[in-house]
2 protein chains.
Amino acid sequence: MTTPTETPSTPSRSRKGPTRSEVSKAAILDAARDEMAENGWRGFSVDSVAKRASASKQTIYRWWPSIGAMCVDAALALIPDAPDGGRDPQERITALIIPLEAAARTGHGHAVLRVALLAAADDKEAGEVWRAWVGRDIRQPLRMLLAELAGKRVIRRDFELDDVLEQLLGPIFHRLTISRAPVKEGFCAEQATAFLRTYAAF
Amino acid sequence: MTTPTETPSTPSRSRKGPTRSEVSKAAILDAARDEMAENGWRGFSVDSVAKRASASKQTIYRWWPSIGAMCVDAALALIPDAPDGGRDPQERITALIIPLEAAARTGHGHAVLRVALLAAADDKEAGEVWRAWVGRDIRQPLRMLLAELAGKRVIRRDFELDDVLEQLLGPIFHRLTISRAPVKEGFCAEQATAFLRTYAAF
DNA sequence: TCCTTAACACGGAACGGTCAGTCTCGCCTA
DNA sequence: TAGGCGAGACTGACCGTTCCGTGTTAAGGA
């Protein structure tokens with residue numbers, strides 16, 4: 001723990017002293033993305049990030065509980081907000097996951113996302129940060145959408161939410177990590193189509 | 001590189017001196033699996049494996065070009081041969097991937113496979129070992145099978161082999177790494193069913 | 001309103017402990 | 001006699017923590 005009473009990522013302002021520098025935080029995240037792309041997860045080092053960002057290691061540990069959590073944060077900053085899906089079921093499902101595709105297709109987003117996923121799978125705090133984001137930005141809206149589609153008899157009712165999530169996210173994560181092939185435009189739309197065919201009513 | 005002229009994992013027998021000890025190799029792989037399950041990928045250390053196996057680090061580097069490659073080898077040893085799929089297309093596809101499910105459901109196979117996947121995604125040599133195994137045991141037979149099914153008009157012809165592979169492997173890998181949920185019996189059969197519905201002819 | 005003072009963030013540097021990868025030793029085996 | 005083996009030394013790098021000196025901010029008294 002860095003500060004005993006307060007979560008490091010949400011500093012309180014009801015106290016004396018200077019505020020935490022958002023400039024330092026941004027420099028650290030920038031440096032972290034470069035280091036992630038260059039060195040992978042096991043070769044990633046806090047010392048290098050600190051040196052590259054001209055920051056102190058203590059500043060890093062003030063903001064994040066672990067380096068894995070920092071890596072996930074650095075990657076999440078690359079992911080844009082979900083667009084409006086319109087009315088078509090396929091487009092609405094695609095809209096939920098296409099921000100991942102967009103991030104994977106920009107600059108070294110592919111490598112940064114890979115390291116963040118490795119961190120989330122390997123580091124406790126990083127996994128919590130990642131699953132919190134997925135839960136809020138993907139799983140929860142997906143649950144609402146699937147309930148609506150099931151109600152309209154567009155899809156069957158006998159689905160397991162987490163199985164669907166795995167079917168939608170698994171392929172792109174596999175591509176980012178194991179196969180390392182580029183993520184084609186329209187990749188996520190294909191997953192949405194596949195899901196609808198799998199779970200089509202009747 | 002450990003030995004300049006010879007691939008470490010395939011020692012030549014056309015020379016003087018003792019053979020490499022398969023007993024030591026087995027002890028190292030056993031110890032590696034325990035360490036993988038306990039410490040994850042970033043926390044995994046060669047020193048610990050050597051000490052646990054009562055082996056010398058030099059022996060480890062004689063057998064494997066990198067620790068990642070050793071982790072992948074340790075996990076591959078848990079994966080049984082594919083069963084005979086019979087005549088049903090769904091069963092034949094399931095048969096290709098169900099060895100992964102079987103391995104994930106035994107002892108600490110879940111954790112060992114997770115670390116092997118992280119190694120394959122993070123370490124160059126480990127990735128090559130992993131992709132070589134997938135290519136030989138899954139991708140190649142899958143290609144033959146899909147060609148046959150397409151010929152019989154069971155599935156459409158406009159598929160990309162690697163996209164199918166990603167759709168079949170992605171979900172179980174996601175479950176092993178990110179969500180860490182147990183792999184239910186029948187999980188792989190569900191993926192095969194989903195694939196057939198997605199690519200059904202007509 | 002001004003000024004002191006306490007609290008704390010910052011960069012930088014150092015610490016003890018761990019690890020990777022290489023090397024050397026003495027022993028043993030084919 | 002070439003070479004595998006366990007054991008251990010070694011260098012350089014890294015982790016997580018701690019300390020330092022400097023600077024910045026808010027609270028509270030004059």
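In this text the structure is predicted, and so the values were computed from the model without any measurement. Numbers restart at 1 for each chain; the letters A, B, ... are given by sequence-line order, proteins then strands.
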Are the side chain of [X] and the backbone N or O of [Y] linked by a donor-acceptor pair below 3.5 Å?
X	Y	result
B/Arg175	B/Val183	no
A/Arg92	A/Gly85	no
B/Thr59	B/Ala55	no

Salt-bridge present (A/Asp47, A/Arg52; N to O < 4.0 Å) |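 Salt bridge flag = no for A/Arg52 with A/Asp47.
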Would you please confirm or rule out a distance under 4.0 Å between OP1 or OP2 of C/dG11 and any side-chain N or O of A/Ser24?
->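 It does, given that an N or O in the side chain of A/Ser24 lies less than 4.0 Å from OP1 or OP2 of C/dG11.
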At under 4.0 Å, does any side-chain N or O of A/Trp63 touch on OP1 or OP2 of C/dC10?
->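 A/Trp63 to C/dC10 OP1/OP2: side-chain N or O found under 4.0 Å.
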Reported CD-to-OG1 distance for the pair A/Gln167 and B/Thr198, which is rounded to 0.5 angstrom |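 Rounded to the nearest 0.5 Å, the CD-OG1 separation comes to 7.0 Å.
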So how far is it from B/Trp64 CH2 to B/Lys25 NZ, rounded to the nearest 0.5 Å?
->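 B/Trp64 CH2 to B/Lys25 NZ: 6.0 Å, rounded to 0.5 Å.
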Any pair with a residue in residues 79-89 of chain A that passes side chain to side chain donor-acceptor pair (under 3.5 Å), sequence neighbours left out, goes on the list, sorted by first then second residue, please.
->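 Checked against side chain to side chain donor-acceptor pair (under 3.5 Å) - neighbours excluded - no pair reaches residues 79-89 of chain A.
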Who pairs with B/Ala82 by side chain to side chain contact (heavy atoms under 4.5 Å, CB included), at least two apart in sequence or on another chain?
->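 With neighbours one apart ignored, the set is B/Pro99.
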Quick one: do the A/Glu35 and A/Ser45 side chains pair a donor with an acceptor below 3.5 Å?
->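 Note: A/Glu35 and A/Ser45 side chains miss the donor-acceptor criterion.
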Among residues 27-41 of chain A, which contact DNA chain D at a heavy-atom distance under 4.0 Å?
->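 Under 4.0 Å from DNA chain D: no residue of residues 27-41 of chain A.
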Rounded to the nearest angstrom, tell me the gap between atom [atom1] in [X] and atom [atom2] in [N].
X	N	atom1	atom2	value
A/Ile60	D/dC14	CD1	C1'	13 Å
B/Arg52	D/dA7	CZ	P	16 Å
B/Arg62	C/dT22	CZ	P	13 Å

Evaluate the ring planes of B/Tyr199 and B/Phe159, with Trp represented by its six-membered ring, and classify them as parallel (under 30°), tilted (30 to 60°) or perpendicular (over 60°).
->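 Because their plane-to-plane angle is over 60°, the rings of B/Tyr199 and B/Phe159 count as perpendicular.
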Ring geometry between A/Trp41 and A/Phe44 (parallel below 30°, tilted from 30 to 60°, perpendicular above 60°) |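 Taking A/Trp41 first and then A/Phe44, their aromatic rings lie parallel (interplane angle under 30°).
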DNA chain C: 5'-proximal contact among B/Ser66 and A/Ala55 (nearest heavy atom) |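 Its nearest nucleotide being more 5', the pick is A/Ala55.
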Given axes from five pairs at either end, by how many degrees does the helix from C/dT1-D/dA30 to C/dA30-D/dT1 bend, rounded to 10°?
->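 Terminal axis comparison yields 20°.
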For nucleotides 14-20 of chain C, tabulate all protein N/O to nucleotide N/O atom pairs closer than 3.5 Å, reporting atom names and distance.
residue, atom, partner, partner atom, Å
C/dA20, OP1, B/Val46, N, 3.0
C/dA20, OP2, B/Val46, N, 2.9
C/dA20, OP2, B/Asp47, N, 3.3
C/dA20, N7, B/Lys57, NZ, 3.4

Answer yes or no: are there more than 12 heavy-atom neighbours, outside B/Gln140 itself, under 6.0 Å from its atom CD?
->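 Result for CD/B/Gln140: enclosed.
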Counting only heavy atoms not in B/Lys124, do more than 12 sit closer than 6.0 Å to its NZ atom?
->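 No, NZ of B/Lys124 has 12 or fewer neighbouring heavy atoms, counting only those of other groups under 6.0 Å.
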Please list, for nucleotides 19-23 of chain D, all pairs of protein and nucleotide N/O atoms separated by less than 3.5 Å.
residue, atom, partner, partner atom, Å
D/dC19, N4, A/Gln58, OE1, 3.2

